[in-house]
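Just so you know, these numbers use all the heavy atoms, side chains as well, and skip hydrogens, waters and symmetry mates.
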Amino acid sequence: MSASPSKLQHYSTSPVYCVTPSPLQALGEVIGQDGQTLFSIAFTTHRDIITQIGYTPSADCPDALKACAACICALAKDQAIMAAELLGPGQIAERLSDDGDLDDQLFYFSVLATMGLKNALASYADYKKADLQAWKAKGAPHPGSER
């Protein structure tokens with residue numbers, strides 16, 4: 001019914017995903033009720049595949065939320081943008097729990113972690129849109145069109 005303590009500790013203390021990748025292409029933040037950032041998720045891509053991803057927690061970020069943020073980063077790594085868009089709390093529950101269920105508090109944290117990834121994906125869409133507009137401004141023909 002709840003997460004495995006060893007899995008929670010593994011994800012919350014692992015330095016692997018507690019980084020900000022560079023060069024930054026996407027950044028999603030989750031803001032707490034007090035208006036302060038709880039954590040942010042950032043990633044870089046190559047050909048729309050997430051190649052580097054990490055989260056940056058605030059000083060007040062609970063360990064269980066850190067575990068969920070690290071878990072969603074692990075799930076999204078090496079995924080296509082479209083596949084990452086489909087990730088959600090259910091996949092976090094499968095990773096953190098032996099039976100696939102989370103208690104209410106941890107499920108809430110898994111929703112917040114998913115929101116962080118979704119915000120980063122939205123940021124990436126804006127980045128790609130700006131990239132396309134810059135490409136169009138150069139007067140380049142659209143790929144696949146013949147002149």
Side-chain angles (χ1 to χ4, degrees), residues 1-138 142-143:
M1 176 76 179
S2 187
S4 162
S6 64
K7 291 178 183 179
L8 277 174
Q9 182 177 10
H10 166 74
Y11 279 104
S12 68
T13 60
S14 175
V16 174
Y17 292 106
C18 197
V19 296
T20 301
S22 181
L24 190 62
Q25 292 176 319
L27 177 66
E29 295 182 315
V30 173
I31 309 297
Q33 292 177 338
D34 61 357
Q36 301 297 315
T37 301
L38 285 171
F39 70 96
S40 60
I41 291 181
F43 63 81
T44 61
T45 65
H46 178 70
R47 296 186 179 203
D48 289 340
I49 304 292
I50 297 172
T51 55
Q52 295 179 314
I53 187 167
Y55 77 99
T56 304
S58 71
D60 298 333
C61 188
D63 285 344
L65 181 52
K66 290 177 187 177
C68 290
C71 189
I72 198 78
C73 289
L75 289 163
K77 173 100 167 75
D78 298 325
Q79 294 293 318
I81 292 296
M82 297 303 276
E85 189 70 47
L86 299 174
L87 294 174
Q91 287 86 0
I92 294 173
E94 289 173 6
R95 284 266 178 117
L96 293 181
S97 173
D98 293 329
D99 62 3
D101 288 329
L102 299 175
D103 62 37
D104 290 344
Q105 181 69 44
L106 206 51
F107 183 79
Y108 174 70
F109 287 155
S110 70
V111 169
L112 290 178
T114 301
M115 285 176 45
L117 177 63
K118 302 291 183 186
N119 290 344
L121 290 166
S123 168
Y124 181 72
D126 290 341
Y127 168 81
K128 292 300 277 187
K129 182 179 177 181
D131 196 32
L132 178 62
Q133 289 172 342
W135 179 76
K136 285 182 177 181
K138 290 181 181 178
H142 190 288

Smallest heavy-atom separation, A120 atom then A26 atom, equals O-CB, 3.3 Å
To the nearest 0.5 Å, atom NZ of K66 lies from atom CG of L38 at 11.5 Å
Heavy-atom nearest pair, A42 first then P21, reads O-CG, 3.5 Å
Does the S123 side chain pair with the main chain of N119, one donor and one acceptor, at a distance under 3.5 Å?
-> no
Test: K129 and D126 ion pair at under 4.0 Å: no
I49 meets the side chain to side chain contact (heavy atoms under 4.5 Å, CB included) criterion, sequence neighbours left out, with A80
Residues L106 and L102: closest non-hydrogen pair is CD2-CD2, 3.7 Å
On a heavy-atom basis, the closest approach of I41 and L117 is CD1-N, 3.7 Å
| query | Yes or no on side chain to side chain contact (heavy atoms under 4.5 Å, CB included) for I81 and K128, after CA distance, side-chain angles and deciding distance? | reply | CA-CA 12 Å; I81 292 296; K128 292 300 277 187; over 6 Å; no
*asked:* With side chain to side chain contact (heavy atoms under 4.5 Å, CB included) as the criterion, how do I92 and T114 come out once you've worked through the C-alpha distance, each side chain's angles and the decisive distance to 0.1 Å?
replied: CA-CA 9 Å; I92 294 173; T114 301; 3.9 Å; yes
Distance col, row L86:CG vs L75:CG, nearest 0.5 angstrom, shows 12.0 Å
Heavy-atom donor-acceptor pair, Q91 side chain to G88 backbone, under 3.5 Å
yes
- Query: Is there a donor-acceptor contact under 3.5 Å from the side chain of Q25 to the main chain of T45?
  - Reply: yes
Nearest heavy-atom contact between C73 and Y17 is CB-CD2, 3.6 Å
Output for pair (Y124 OH, L24 CG), nearest 0.5 Å, gives 12.0 Å
When rounded to the nearest 0.5 Å, the distance separating SG of C68 from CG of L112 is 8.5 Å
Distance col, row K118:NZ vs M115:CE, nearest 0.5 angstrom, shows 11.5 Å
* **side chain to side chain contact (heavy atoms under 4.5 Å, CB included) between K77 and Q52, intermediate numbers included** => CA-CA 7 Å; K77 173 100 167 75; Q52 295 179 314; 5.6 Å; no
Correct closest heavy-atom pair for Y11 and A74 would be CE2-CB, 4.2 Å
- Counting N and O atoms only, with roles assigned by atom type, does the side chain of S12 sit under 3.5 Å from a partner on the main chain of A67, one being a donor and the other an acceptor? no
When rounded to the nearest 0.5 Å, the distance separating CE of M82 from CG of L121 is 10.0 Å
Practice problem: Please assess Y55 against V30 for the test side chain to side chain contact (heavy atoms under 4.5 Å, CB included), listing each intermediate value before the final yes or no. | Solution: CA-CA 11 Å; Y55 77 99; V30 173; over 6 Å; no
So side chain to side chain donor-acceptor pair (under 3.5 Å) across residues 26-43, not counting sequence neighbours, yields none
